[in-house]
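Note sheet for the following structure.
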There are 2 protein chains.
Amino acid sequence: MDSRAPGRPKVVADSADKRDTILRSARELFSDRGFDRTTMRAIAARAGVDPALIHHYFGNKNALLVAALQPEVDAKTVFSGITPETDAPGEIFVRRVLEFWETNPQQRARAIALLRVAVTHDEIAMRVRDFFLGLVQRALGGVVRRDHQDERYALVVSQTAGLAISKYILLLPDVANAPIDILAQRVGPNIDNYLFRDFDE
Amino acid sequence: MDSRAPGRPKVVADSADKRDTILRSARELFSDRGFDRTTMRAIAARAGVDPALIHHYFGNKNALLVAALQPEVDAKTVFSGITPETDAPGEIFVRRVLEFWETNPQQRARAIALLRVAVTHDEIAMRVRDFFLGLVQRALGGVVRRDHQDERYALVVSQTAGLAISKYILLLPDVANAPIDILAQRVGPNIDNYLFRDFDE
């Protein structure tokens with residue numbers, strides 16, 4: 001049975017398909033040639049669409065890259081169940097982040113690619129920063145204490161980005177090879193510190 | 001008065017001069033053209049030396065880059081006076097790192113350049129990782145507790161690299177604009193956690 005309702009115009013399904021095709025083509029080309037050597041024209045050609053359509057859906061190449069490298073799973077799913085009753089939310093947060101990357105090699109590759117491009121392209125850095133902040137906010141907004149919230153989120157991002165870079169890019173042996181449980185135990189209490197410590201004492 | 005002793009062969013001073021000239025030329029070209037578009041030949045031409053001499057002094061381009069981007073000041077100087085009697089060494093460590101970068105814009109630019117190149121070049125990442133680990137070890141080796149030392153250093157690197165990236169590359173507002181004292185107060189206790197917390201409890 002066709003999943004589209006009889007009266008629903010075909011163009012809607014088509015445009016979602018095209019959007020996906022563009023994202024997939026962008027991912028393939030970014031991965032093959034690197035970000036700088038990938039043109040919007042080449043992505044359009046591979047996706048079989050007009051370049052104007054890519055601009056229409058995504059704006060510029062930076063925005064397309066960030067959209068293409070977003071995780072496929074919603075943060076709410078990855079971090080579900082961190083509530084005010086949760087004991088040691090920092091430990092659970094670190095474990096969930098690392099489990100997500102370790103069990104989804106493709107998602108991990110995207111996150112690493114995103115970090116790499118962010119570090120060398122200022123406009124992308126700003127988008128990645130906002131994406132990370134939003135993610136931490138969705139994950140821990142239910143438990144963080146009320147004062148200094150933006151600062152607390154920013155500090156959690158600083159440790160989480162540093163952990164990802166140490167583990168997957170700098171390959172610090174004691175971080176790269178450590179089991180997830182150990183890393184969650186080591187880093188988690190420091191995330192809790194950022195979430196709950198009295199900053200005005 | 002000539003600072004060279006009368007009998008000392010001129011070639012020694014010359015070779016130190018040439019080494020410095022090569023490093024300076026490398027820095028200028030890396031900064032102008034980026035790492036990937038800078039050739040050893042171009043560095044040799046700007047320095048007025050034979051390319052073979054660069055290979056002789058530094059090995060390959062990756063090694064030359066890391067040498068060119070090393071801080072000019074020794075870690076022992078930047079972190080002097082962190083002893084077992086120091087109260088809150090993590091806070092002092094964070095303050096010294098940030099003060100060093102804030103008062104030496106050129107050194108800060110080098111550190112950022114080093115991070116940027118490390119994140120996109122695996123062999124450089126390994127050299128930068130070893131450089132960071134050595135630095136943390138020289139800074140905090142006198143105070144860190146004896147068990148799990150390599151792990152503790154690695155975790156300190158993870159937070160410090162994350163702080164640098166958040167402040168200077170991702171420009172997280174609450175980190176980028178925070179006064180040094182505030183960041184030292186926020187992050188320092190977590191560095192202390194990595195240095196001293198009981199990891200086997």
Side-chain angles (χ1 to χ4, degrees), chain A residues 34-36 112-113 115-122 124-133 136 148-178 182-183 185-187 189-194 197 199-201, chain B residues 34-36 112-113 115-122 124-133 136 148-178 182-183 185-187 189-194 197 199-201:
Chain A
F35 179 69
D36 291 318
I112 297 171
L115 270 173
R116 283 192 208 275
V117 191
V119 164
T120 44
H121 293 77
D122 291 346
I124 296 178
M126 297 308 94
R127 291 171 187 272
V128 168
R129 170 192 84 181
D130 293 341
F131 169 65
F132 283 164
L133 276 174
V136 166
H148 297 275
Q149 279 198 3
D150 290 341
E151 207 181 338
R152 295 177 191 280
Y153 292 139
L155 291 164
V156 170
V157 169
S158 83
Q159 175 60 87
T160 311
L163 182 64
I165 285 169
S166 305
K167 187 168 175 67
Y168 298 117
I169 294 176
L170 297 180
L171 302 179
L172 282 162
D174 291 271
V175 172
N177 308 326
I182 294 289
L183 285 175
Q185 279 170 37
R186 302 295 186 256
V187 179
N190 280 0
I191 301 291
D192 288 338
N193 256 348
Y194 288 143
R197 215 178 65 226
F199 280 176
D200 298 314
E201 69 194 350
Chain B
F35 179 69
D36 290 320
I112 296 170
L115 270 173
R116 282 193 209 273
V117 190
V119 164
T120 44
H121 292 79
D122 291 345
I124 296 178
M126 298 307 94
R127 292 172 187 272
V128 168
R129 170 192 84 182
D130 293 340
F131 169 65
F132 282 165
L133 276 174
V136 166
H148 297 275
Q149 279 199 2
D150 291 340
E151 208 182 338
R152 295 176 192 281
Y153 293 138
L155 291 163
V156 171
V157 169
S158 83
Q159 175 60 87
T160 311
L163 182 64
I165 285 169
S166 305
K167 187 169 175 67
Y168 298 117
I169 294 176
L170 297 181
L171 302 179
L172 282 161
D174 291 271
V175 172
N177 308 327
I182 293 289
L183 286 174
Q185 279 170 36
R186 302 295 187 253
V187 180
N190 280 359
I191 301 290
D192 288 338
N193 257 349
Y194 288 144
R197 213 178 68 227
F199 281 176
D200 298 313
E201 69 195 350

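Because the structure is predicted, anything quoted here is derived from the model rather than measured. Letters A, B, ... are given to chains in the order of the sequence lines, protein chains preceding strands, and every chain is numbered from 1.
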Keeping A:D174 on the side-chain end and B:A154 on the backbone end, is there a donor-acceptor pair under 3.5 Å? no
Counting only non-hydrogen atoms closer than 4.5 Å, does B:S166 touch chain A with its backbone (N, CA, C, O), its side chain (CB onward), both, or neither? side chain
Heavy-atom pairs under 4.5 Å with chain B: which of A:G34, A:A125, A:S158, A:A118 has the most? A:S158
So for B:L133, is it side chain, backbone, both, or neither that comes closer than 4.5 Å to the heavy atoms of chain A? side chain
Quick check on A:Y153 against chain B: is it the side chain, the backbone, both or neither that has a heavy atom closer than 4.5 Å? neither
Find out whether B:R129 and A:P173 are in side-chain contact, i.e. whether some heavy atom of one side chain is under 4.5 Å from a heavy atom of the other. yes
Contact class of A:R152 relative to chain B, heavy atoms under 4.5 angstrom: neither
Answer with side chain, backbone, both or neither: which region of A:D122 has an atom nearer than 4.5 Å to a non-hydrogen atom of chain B? side chain
As an exercise, state the distance from OG1 of A:T120 to CG of B:L115, rounded to the nearest 0.5 Å. 12.0 Å
Of B:L163, B:L171, B:T160, the largest count of non-hydrogen pairs under 4.5 angstrom with chain A goes to B:L171
With rounding to the nearest 0.5 Å, note down the distance linking CZ in A:R116 to CZ in B:R116. 15.0 Å
Checking heavy atoms, do the side chain of A:I165, its backbone, both or neither come under 4.5 Å from chain B? side chain
B:L183 side, atom CG; A:L155 side, atom CG - distance, nearest 0.5 Å: 7.0 Å
Heavy-atom side-chain contact between B:N190 and A:Q159 under 4.5 Å: no
Exercise: identify the closest heavy-atom pair between B:I169 and A:M126: O-CE, 3.8 Å
Whatever's closer than 4.5 Å to a heavy atom in chain A on B:I182 counts as side chain
A:Y194 six-ring centre to B:R186 NZ/CZ under 6.0 Å and within 45° of normal: no
With a 4.5 angstrom heavy-atom cut-off, which part of B:V117 approaches chain A: side chain, backbone, both or neither? neither
Of the backbone (N, CA, C, O) and the side chain (C-beta and beyond), which part of A:I112 lies under 4.5 Å from a heavy atom of chain B, both, or neither? neither
